[in-house]
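Reviewing the structure listed below.
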Amino acid sequence: MAVLINEQIKAAEVELTGLKGEKLGTVSRSEALSMARAAGADLVCTSLMSSPPPCSLVAKGKAAAQAARKGDTSRPQQGGGSSWEKVKELRFTAHIEEHDYDTKLRQADKHLRSGKPVQLVVKSSGAKEAAAAKAVLERLVADLKEAGTKASGLQTSGKGAQVRVNPRT
């Protein structure tokens, strides 16, 4: 969404809101600009969809920061949550060595304790390894029970299994 500031606003009249959010009514563009200068503020218009457009007085320099913040909220949402969160994916093989298992377990634990969810994926080369893949995931979930909880059940497919673990709150 484009944000127009001060002289960029071309409307003859604007619906003005003051620095503290108080409604100042419909005023001419030139009067609104002079009020903004007198208050040491910027005149900001966020919507051109109505006539007269709604504008507000915003502390000098804050308008660009607000526009940048509003742009950040338009990111794609993941999982329908209220904030965008990155999920760390850790991959395993069905027949993982003990040392490698411990290393990945520590990584998963570290991410969960820092408040980030983890997606644990075990790849298998076929249906024969599917049982081993499921066993690795069940062991991981059991070992991580202090740091996180399963967000979904174990999902198995022909090529492997996966589970998402959310941090404990």
Side-chain angles (χ1 to χ4, degrees), residues 1-92 103-123 137 140-141 144-155 157 159-169:
M1 170 180 10
V3 175
L4 300 177
I5 302 172
N6 297 331
E7 278 73 27
Q8 294 174 339
I9 301 168
K10 300 296 181 201
E13 289 186 325
V14 296
E15 190 68 38
L16 191 60
T17 304
L19 280 168
K20 295 182 181 118
E22 68 277 11
K23 299 281 184 207
L24 300 176
T26 304
V27 296
S28 69
R29 173 182 170 261
S30 57
E31 187 180 343
L33 285 169
S34 63
M35 289 170 76
R37 279 189 215 101
D42 286 325
L43 181 64
V44 179
C45 178
T46 56
S47 174
L48 299 173
M49 301 313 270
S50 61
S51 181
C55 294
S56 57
L57 298 177
V58 178
K60 254 305 183 224
K62 299 271 185 187
Q66 275 183 346
R69 251 195 321 274
K70 282 186 180 175
D72 286 348
T73 60
S74 65
R75 277 188 179 168
Q77 299 290 319
Q78 198 167 3
S82 62
S83 66
W84 189 79
E85 60 182 23
K86 181 100 169 140
V87 178
K88 177 69 174 175
E89 182 177 294
L90 294 172
R91 294 181 180 209
F92 301 81
T103 301
K104 296 273 190 164
L105 181 66
R106 276 196 310 274
Q107 286 179 350
D109 188 64
K110 183 174 112 181
H111 278 280
L112 289 169
R113 291 189 191 279
S114 69
K116 298 179 185 131
V118 177
Q119 181 83 17
L120 304 171
V121 179
V122 179
K123 297 290 181 188
L137 272 184
L140 280 164
V141 169
L144 290 170
K145 71 176 177 261
E146 288 181 23
T149 57
K150 281 195 305 187
S152 63
L154 296 180
Q155 300 166 351
S157 65
K159 294 277 184 180
Q162 64 182 353
V163 66
R164 179 175 166 156
V165 180
N166 286 336
R168 283 199 183 274
T169 52

Exercise. Apply the side-chain hydrogen bond (donor to acceptor under 3.5 Å, both in side chains) test between Asp109 and each candidate in Arg113, Gln107, His111; give the one that qualifies.
Key: Arg113
Quiz item: Can you find a pair of side-chain heavy atoms, one from Leu120 and one from Leu144, that are under 4.5 Å apart?
Solution: yes
Exercise. Give, for atom CD of Glu89 and atom CZ of Arg164, the distance between the pair rounded to the nearest 0.5 Å.
Key: 11.5 Å
Quiz item: Looking at CZ of Arg29 and CG of Leu16, how far apart are the two atoms once the value is rounded to the nearest 0.5 Å?
Solution: 13.5 Å
Quiz item: Measuring from Glu31:CD to Thr26:OG1, what's the distance to the nearest 0.5 Å?
Solution: 10.5 Å
Practice problem: Kindly compute the distance separating CD (Gln162) from CZ (Arg91), expressed to the nearest 0.5 Å. | Solution: 9.5 Å
Practice problem: Could you check if a side-chain atom of Met35 sits within less than 4.5 angstrom of a side-chain atom of Leu24, using non-hydrogen atoms only? | Solution: yes
Quiz prompt | Nearest atoms (heavy-atom pairs only) where Leu112 meets Pro117 | solution = CD2-CA, 4.4 Å
Quiz prompt | Verdict with reasoning, Leu57 to Leu43, per side-chain contact (heavy atoms from CB on, under 4.5 Å) | solution = CA-CA 5 Å; Leu57 298 177; Leu43 181 64; 4.1 Å; yes
Practice problem: State whether the number of non-hydrogen atoms from other residues, nucleotides or ligands found under 6.0 Å of Glu146 atom CD is greater than 12. | Solution: no
Practice problem: Answer yes or no: is there a side-chain heavy-atom contact under 4.5 Å between Lys110 and Lys116? | Solution: no
Quiz prompt | Donor-acceptor side-chain pairing of Ser28 and Glu13 below 3.5 angstrom | solution = no
Quiz prompt | Smallest separation among heavy atoms of Val118 and Ala108, with atom names | solution = CG2-O, 3.9 Å
Quiz item: Closest approach of Glu7 and Lys10, non-hydrogen atoms and distance?
Solution: O-NZ, 3.3 Å
Quiz prompt | Ile9 and Cys55: CA distance, side-chain angles, deciding distance, side-chain contact (heavy atoms from CB on, under 4.5 Å) verdict | solution = CA-CA 9 Å; Ile9 301 168; Cys55 294; 4.0 Å; yes
Exercise. Determine whether more than 12 heavy atoms belonging to other residues, nucleotides or ligands lie under 6.0 Å from atom NZ of Lys88.
Key: no
Quiz item: What pair of heavy atoms forms the shortest contact from Lys104 to Leu90, and how long is it?
Solution: O-CD1, 3.8 Å
